[in-house]
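Notes for the one structure printed next.
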2 protein chains.
Amino acid sequence: MTSTDSSGVRPTRQRRAVAAALEDFDDFRSAQEIHEALKAAGDNVGLSTVYRALQAMADAGELDMLRSEAGEAVYRRCSGSHHHHLVCRVCGATVEVEGPTVERWTRAVAAEHGYADVSHTLEIFGTCARCHRG
Amino acid sequence: MTSTDSSGVRPTRQRRAVAAALEDFDDFRSAQEIHEALKAAGDNVGLSTVYRALQAMADAGELDMLRSEAGEAVYRRCSGSHHHHLVCRVCGATVEVEGPTVERWTRAVAAEHGYADVSHTLEIFGTCARCHRG
DNA sequence: ATTCCGAATGAGAATCATTGTCAAGTCAGC
DNA sequence: GCTGACTTGACAATGATTCTCATTCGGAAT
C-alpha cells in the first residue's frame, strides 16, 4: 500500500469510469451509490473494484472522503488543497470552505497540550438556503 | 419528580453498570469493548443492551460519541457543555478543548453561504507528549 | 405489599457496508 | 505470440450494528 506510484492511479477503464461518475455529482456519494450509477449508465464495474478505486483515489488526494452521520464512507471529487466542507443535511449540497483561523487554532491547541504530528477533521452541517425555505 | 439525573434515561442495573464502566476509562471506547469490560467485571449485560444504553446516554448528552478512523462508534463520558477533542492517535489519551473562535467561525461561514441550523464536528488527532518522545 | 403495564432486557438472527479470496482477464514490452 | 505483473469481479467472509420478540423489570397506583 506504500505509494510507489509516481503521481497517481493507473488509469484503467474501470477507474476512469469511477472518476467520470464522480464528475457528475456535486455532493458526497457512497461507494454503493457510485456502483449503482455506473451500472445504470451501462458501465459494468464490480463493486470491489469501485471500493478499491475510491480508496486509491482518496489516498492519492484526488478525492475527499468523510463519514456520513450513518457512519458510511462517502466520496466527492475535490480540489487538491486542504479545506473543509459545509454540507446541507437535507439535499447534500456541499461547499468547500477554507479557514486559516481554524488551522491556526487547532495547531495552537495541540501545541499547548504537547501534541505533535497534528491533523484534524472538521465538517459543518446545516440546512442550505433552498432547503431551509422549503 | 425530584429526579436529578433523569434526562430521559431510566436507571436500571444495566445502565448503571454501563455508566460505571465508562467512569473507569479516560479515553474513547467502543460498545464492544465496554461489553467486554462488563463481562470481565462479572456484570452480565447483553450486547444489545450496551448499544442501547450508549445511544440513549449519547442522545441525552451524557456521553460523547465519535467515529474512530476505522469507522466504528466510540464513546466517552463527558462534561455537558459543547467541546471538542484532542486525541492521541497512539495511546488514545484525550483532552477536551473549547474554542469560541471555532464556534464563531463555523457560524459565520455557514451564514455567509445561507446555511441555517448549523452543527459541526471537529476532532483533532496528534501524538501526545509521552508517546511522541517514546 | 400487590397488581399492572409499558419500558427494558437479552439471545440470537438479520442487515449491511466493507474487505478478502482467487481464478480469469488485461496490457506492456520483448 | 509469450510472459509476468497488475487489475478485475463474483462471491464468500467479516464485523459492527440493528432488529425481533418472548420474557423480565420498575415503579406508580392501589
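These values consider heavy atoms only, across backbone and side chains, with no hydrogens, waters or symmetry-generated copies.
Taking atom CG of A:Asn44 as the reference point, atom P of C:dA24 lies 20 Å away to the nearest angstrom. Between the CZ atom of A:Arg29 and the C1' atom of C:dA17 there is a distance of 18 Å, given to the nearest Å. A:Ile34 has its CD1 atom 18 Å from the C1' atom of D:dG9, to the nearest Å. For A:His35 and D:dC11, the NE2 to P distance is 12 Å, given to the nearest whole Å. In this structure, the CG atom of B:Asp43 is 10 Å from the P atom of C:dG10, given to the nearest Å.
Close to D:dT7, at under 4.0 Å from its OP1 or OP2, lies no side-chain N or O of A:Gln14.
Between the side chains of B:Thr101 and A:Arg104, no donor-acceptor pair of N or O atoms lies under 3.5 Å.
Residues that satisfy the ring-ring contact (aromatic ring centres under 6.0 Å, His included) test with A:His84, not counting sequence neighbours, are A:His82, A:His120. Taking the side chain to side chain contact (heavy atoms under 4.5 Å, CB included) definition, one finds that B:Tyr51 meets it with B:Ala31, B:Gln32, B:Leu47, sequence neighbours left out. Partners of B:His113 according to the side-chain hydrogen bond (donor to acceptor under 3.5 Å, both in side chains) rule, which considers only residues two or more places apart in sequence or in another chain, do not exist here. The side-chain hydrogen bond (donor to acceptor under 3.5 Å, both in side chains) search around A:Arg107 returns none, not counting sequence neighbours.
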Summarise protein proximity over nucleotides 12-28 of chain D in one line of letters, 5' to 3': B for base, S for sugar-phosphate only, - for none, counting protein heavy atoms closer than 4.0 Å.
-> ----SBBBB-----S--
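Under the salt bridge (charged side-chain N to carboxylate O under 4.0 Å, His left out) criterion, the residue pairs touching residues 16-37 of chain B are B:Glu23-B:Arg77, B:Asp26-B:Arg77, B:Asp27-B:Arg29, with sequence neighbours excluded.
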